[in-house]
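The block underneath contains the structure these notes are about, expressed in structure tokens.
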Amino acid sequence: MKVELKVNGKAVTADVPPNTLLVQLLREHLRLTGTHVGCDTGQCGACTVIADGSAIKACNVLAAQMQGAEVTTIEGLAAADGTLHPMQAAFKECHGLQCGFCTPGMVMSSVDLLARHPQASEAEIRALLDGNLCRCTGYQNIVKAVQTAQKAMAA
């Protein structure tokens with residue numbers, strides 16, 4: 001099956017079996033391995049990407065469903081010159097990661113969170129990140145990173 005979409009601003013055409021998941025298209029066909037596979041059930045959020053302006057879990061979506069869509073992965077978040085997105089910079093500055101496995105999905109969810117709720121309180125940030133699991137950090141520095149990015153993105 002031929003699938004045409006835009007990934008990180010570039011037109012992509014792929015010939016994949018109809019049962020190919022978006023996460024498989026990204027990782028196996030396009031070699032964008034920043035989108036992680038953690039649970040294959042949509043529970044952990046490690047595979048979160050932004051599709052047509054909304055965060056989605058790429059392990060729960062068929063590639064064919066993304067026909068004509070615009071998808072941004074963690075690899076497409078930084079500027080072309082390598083300047084980190086404010087959320088990426090905040091995660092780095094605030095030590096919002098330990099092992100790093102959840103980080104790409106957590107960053108993408110956080111970008112979507114602030115796009116939808118730019119004035120989110122700490123409690124709202126915690127609630128809105130509920131679909132992303134981290135086994136290492138205890139979330140405190142992740143929340144701090146989102147709050148830091150929130151200030152940077154508002155400036």
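If you're wondering where the values come from, they're calculated on a predicted model, not measured in any experiment.
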For this session: Report yes if the side chains of Thr48 and Ile56 come closer than 4.5 Å at any heavy-atom pair, otherwise no.
Result: no
Seminar exercise, completed: In this structure, CG of Leu128 is separated from OG of Ser110 (nearest 0.5 Å) by 10.0 Å
Problem set entry | Side-chain (Arg27) to main-chain (Thr33) donor-acceptor, under 3.5 angstrom | yes
Exercise. Once you round to the nearest 0.5 Å, how far does OG1 of Thr103 lie from CE of Met108?
Worked result: 13.0 Å
Exercise. Is Thr41 close to Cys59 at the side-chain level, that is, under 4.5 Å between some pair of heavy atoms?
Worked result: no
Exercise. How many angstroms lie between atom NZ of Lys144 and atom CD1 of Ile125, to the nearest 0.5 angstrom?
Worked result: 13.5 Å
Problem set entry | Evaluation steps, side-chain contact (heavy atoms from CB on, under 4.5 Å), between Val7 and Leu5 | CA-CA 6 Å; Val7 178; Leu5 64 156; 3.6 Å; yes
Exercise. For the hydrophobic clusters of this structure (ILVMFWY residues joined by side-chain heavy atoms under 4.5 Å, transitively), does one cluster hold both Ile74 and Leu113?
Worked result: yes
Exercise. What are the two closest heavy atoms between Thr35 and Cys47, and how far apart are they?
Worked result: CG2-O, 3.4 Å
For this session: I would like to know whether Ile50 and Val71 meet side-chain contact (heavy atoms from CB on, under 4.5 Å); could you show each step before the answer?
Result: CA-CA 6 Å; Ile50 296 177; Val71 175; over 6 Å; no
Exercise. Any donor-acceptor pair under 3.5 Å linking the side chain of Ser54 with the backbone of Ala51?
Worked result: no
Exercise. If two hydrophobic side chains count as joined below 4.5 Å and joins carry through other members, does Val49 share a cluster with Val107?
Worked result: no
Exercise. Rounded to the nearest 0.5 Å, how far does CD of Glu75 lie from CG of Leu30?
Worked result: 10.0 Å
Seminar exercise, completed: One should read off an interatomic distance between Gln150 CD and Gln119 CD, to the nearest 0.5 angstrom, of 6.5 Å
Problem set entry | Qualifying residues under salt bridge (charged side-chain N to carboxylate O under 4.0 Å, His left out), relative to Arg116, sequence neighbours excluded | Asp112
Exercise. Quick one: are Glu124 and His117 in side-chain contact, heavy atoms under 4.5 Å?
Worked result: no
For this session: Could you walk me through whether Asn141 and Phe91 pass side-chain contact (heavy atoms from CB on, under 4.5 Å), step by step?
Result: CA-CA 8 Å; Asn141 287 346; Phe91 266 71; over 6 Å; no
Problem set entry | Non-neighbouring partners of Lys151 that pass salt bridge (charged side-chain N to carboxylate O under 4.0 Å, His left out), sequence neighbours left out | none
Seminar exercise, completed: Sorted by chain and residue number, the salt bridge (charged side-chain N to carboxylate O under 4.0 Å, His left out) partners of Glu122 (sequence neighbours excluded) come out as Arg126
Problem set entry | Expected output: side-chain Gln88 to main-chain His85 donor-acceptor under 3.5 Å | yes
For this session: Would you list the pairs meeting ring-ring contact (aromatic ring centres under 6.0 Å, His included) in which at least one residue belongs to residues 17-71, sequence neighbours left out?
Result: His36-Phe101
For this session: Any ring-ring contact (aromatic ring centres under 6.0 Å, His included) involving residues 127-155? Give me the pairs, sequence neighbours left out, ordered by first then second residue.
Result: none
For this session: Taking atom types as modelled, find out whether Asn132 and Ser109 have a side-chain donor-acceptor pair closer than 3.5 angstrom.
Result: yes
Exercise. Between Lys57 (side chain) and Gly42 (backbone), is there a donor-acceptor pair under 3.5 Å?
Worked result: yes
Exercise. Just how far is it from atom CE of Met106 to atom OG1 of Thr137, taken to the nearest 0.5 Å?
Worked result: 6.5 Å
Name the atoms and distances for all side-chain donor-acceptor pairs under 3.5 Å in residues 9-23, with sequence neighbours left out.
residue : atom : partner : partner atom : Å
Asp15   : OD1  : Met1    : N            : 3.2
Thr20   : OG1  : Pro17   : O            : 2.8

